[in-house]
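Below is one structure, written out as structure tokens; the observations come after it.
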Number of protein chains: 2
Amino acid sequence: MSEQGEFAVSPSIGGRHREIPEASVARLPVYLRALSGLAEAGHVTVSSEGLASAAGVNSAKVRKDLSHLGSYGTRGVGYEVDELVHHISNALGLTQRWSVVLVGVGNLGHALAGYGGFATRGFRIAGLVDADPSRVGEQVAGLTVRGIDELSEVVRTGDVSIGVIATPAGAAQEVCDLLVEAGVTSILNFAPTVLQVPDGVDLRKVDLALELQILSFHENRKSGVPAAMSS
Amino acid sequence: MSEQGEFAVSPSIGGRHREIPEASVARLPVYLRALSGLAEAGHVTVSSEGLASAAGVNSAKVRKDLSHLGSYGTRGVGYEVDELVHHISNALGLTQRWSVVLVGVGNLGHALAGYGGFATRGFRIAGLVDADPSRVGEQVAGLTVRGIDELSEVVRTGDVSIGVIATPAGAAQEVCDLLVEAGVTSILNFAPTVLQVPDGVDLRKVDLALELQILSFHENRKSGVPAAMSS
DNA sequence: ACGCGTTCGTGAACGCATTCACAAAGTCGA
DNA sequence: TCGACTTTGTGAATGCGTTCACGAACGCGT
Ligand SMILES: NC(=O)c1ccc[n+]([C@@H]2O[C@H](COP(=O)([O-])OP(=O)(O)OC[C@H]3O[C@@H](n4cnc5c(N)ncnc54)[C@H](O)[C@@H]3O)[C@@H](O)[C@H]2O)c1
Ligand SMILES: NC(=O)c1ccc[n+]([C@@H]2O[C@H](COP(=O)([O-])OP(=O)(O)OC[C@H]3O[C@@H](n4cnc5c(N)ncnc54)[C@H](O)[C@@H]3O)[C@@H](O)[C@H]2O)c1
């Protein structure tokens, strides 16, 4: 409850460099999880070294990343765990609860809908939507599946800003367009397709096949150099 | 069946720079998918520009990436789609079929087991493993769930090199250790934990909560600057 | 045969991210 | 109070990835 004051006295008052590098942003959730573990284990403070090993990175990276949030460490001691959790949560916008709509309640969609990780991380599933008439009305994870024609209404009434796409690849762009039109400004795509979104809409993807193929590449490397047996 | 000859006459024979940058490797699967679409649409050749727009990147990146595989383009024309598919598949090691063991057949594990994307991308699920005795013996996606004590045997007899972890976070490191001990050299982790693996084992992760939190950060940015209302 | 238009392949420039390394700033025991 | 010790915060150095920009190579029409 004092970080605004801290910000006010931050160095170089004129310089507005509140930009946190994307690579740092991607690590903040990892730190957050590591800190939860440390807090449960009874740690009150943690050094950059300690947090680094818990998060699987090196300590210089931790310090640089955290420095983008402000100067919340104490030299000779480290960081106070609770305070750091608070600041990271704040930077990530996790102090408020974001609402999510999940489109495509099939094989994967069912697993996602039933996944406890949404709620525990502060995300609320505001609605489940599917195009298959035989799925509409079905109860999944305590929610009723709605028709795709109700998407816009779900987004509006549920104050939804994040859309999750778990439809087949062929339908993903169409669904994406509908989500954007309905007012969603962040999309997480599980379908193996490249999606186009207008400026102002953030898009991230989770791609199982891609991950496996990257592993395949490294497996291939490991199993003796394959195409270098010439001459 | 002629790329070894091609490699042999590659420029700077003494310099052994067959290393493909990790960032390029991560895009090759995307190109592969884009090329499949182009092939279906009847394209025989494609320019770097055409492939770039299909893959959602810019053309300089495409050319640079493909140049790491060799010189398979024709100036003034572009790349032959079929040939490129072949070379990328080869570079990724997709000419052979990799076997996968899936550990943790719960909510998410069921979805993964039933996912057609494994087979169509050339990956074979050699076994499903779970620690819950009440799950062992269950039929899932045409396979019988085996006990965790059988993991080593499944890996050995199935010639498994890739392990997928879909257990709760608390069990992930233990499962990871078992996989490594059994001889698995690549691991894809769905549990929200940092895993430790020895050198020589590749580890990748898919982290839903992390993705959502990154989106949350950007949502937060968009909805007016939040913590800058001081003074 | 030849020139024109197209597109690749790649060196060079640039920018972002990581790592190094150390002065500054704090704690803590005596 | 003070000095030894710990750890942060950050400039500088380095490394990696992206983008630029253009010469070289090729197809094609004439
Ligand atoms: N199952 C997995 O483990 C897994 C893993 C990785 C990626 N994926 C990807 O996730 C997506 C979903 O996979 P799945 O196994 O759940 O498939 P699925 O076929 O079981 O489910 C797809 C659902 O989307 C619905 N749908 C289709 N078109 C729609 C539209 N226009 N609007 C709204 N809903 C629509 C269908 O009715 C169906 O319920 C696919 O793109 C798949 O490649 C799945
Ligand atoms: N469900 C989702 O959509 C989703 C999404 C993202 C991430 N995840 C993560 O994936 C993991 C699995 O999620 P879930 O929803 O399927 O959970 P779940 O509880 O439904 O399934 C976990 C399974 O793992 C088995 N298991 C537990 N300990 C084991 C061990 N030592 N060895 C082998 N098997 C063991 C359990 O018996 C169970 O069948 C979790 O870490 C979760 O955070 C799930």
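All chains are named by letter (A, B, ...) in the order of the sequence lines, taking the proteins before the strands, and each is independently numbered beginning at 1.
- The listed nucleotides are dT27(C), dC8(C), dT19(D); the one nearest the side chain of T74(A) is dT27(C).
- If you take CD of E80(A) and P of dT8(D), they are 14 Å apart, rounded to a whole angstrom.
- The side chain of E22(A) has dA17(C) as its nearest neighbour among dC20(D), dT18(D), dA17(C).
- Rounded to whole Å, the distance from CD on E49(A) to P on dT19(C) is 13 Å.
- None of V155(A), D202(A), L178(A), V100(A) except one satisfies the side chain to side chain contact (heavy atoms under 4.5 Å, CB included) rule with V184(A); the exception is V155(A).
- Judged by atom type and distance alone, R75(A) reaches the base of dT8(D) through a side-chain donor-acceptor pair under 3.5 Å.
- In this structure, L66(B) places its CG atom 16 Å from C1' of dT19(D), rounding to the nearest Å.
- Among dA21(D), dG9(D), dT19(C), the nucleotide with an atom closest to any side-chain atom of K64(A) is dT19(C).
- Rounded to an integer number of Å, the gap from H87(A) NE2 to dT8(D) P is 15 Å.
- Considering all non-hydrogen atoms of both residues, Y115(B) and N107(A) come closest at N-ND2, 4.0 Å.
- For D65(A) and dT18(C), the CG to C1' distance is 10 Å, given to the nearest whole Å.
- Each of dG9(C), dT19(C), dT18(D) was ranked by its minimum atom distance to the side chain of S67(B); first place goes to dG9(C).
- You'll find that the side chain of R63(A) is closest to dA21(C), out of dG27(D), dA21(C), dC8(C).
- Closest to the side chain of K61(A), out of dT19(C), dG9(D), dT8(D), is dT19(C).
- Electrostatic pairing of E19(B) and R221(A) counts as a salt bridge here, judged by a charged N lying under 4.0 Å from a carboxylate O.
- In the set dG17(D), dC20(C), dG27(D), dG27(D) carries the atom at the smallest distance from any side-chain atom of V77(B).
- Between N58(B) atom CG and dT19(D) atom P the separation is 5 Å, expressed in whole Å.
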Please report the C-alpha distance between N189(B) and D207(B) in whole Å, then the side-chain angles of each, then the deciding distance to 0.1 Å, and finally whether the side-chain contact (heavy atoms from CB on, under 4.5 Å) criterion is met.
-> CA-CA 8 Å; N189(B) 178 35; D207(B) 192 330; over 6 Å; no

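- Heavy-atom distances to DNA chain D give each of G76(A) and A60(A) a nearest nucleotide, and the one nearer the 5′ end belongs to G76(A).
- Here the nucleotide nearest the side chain of Y79(B), chosen from dC20(C), dT18(D), dG9(C), is dG9(C).
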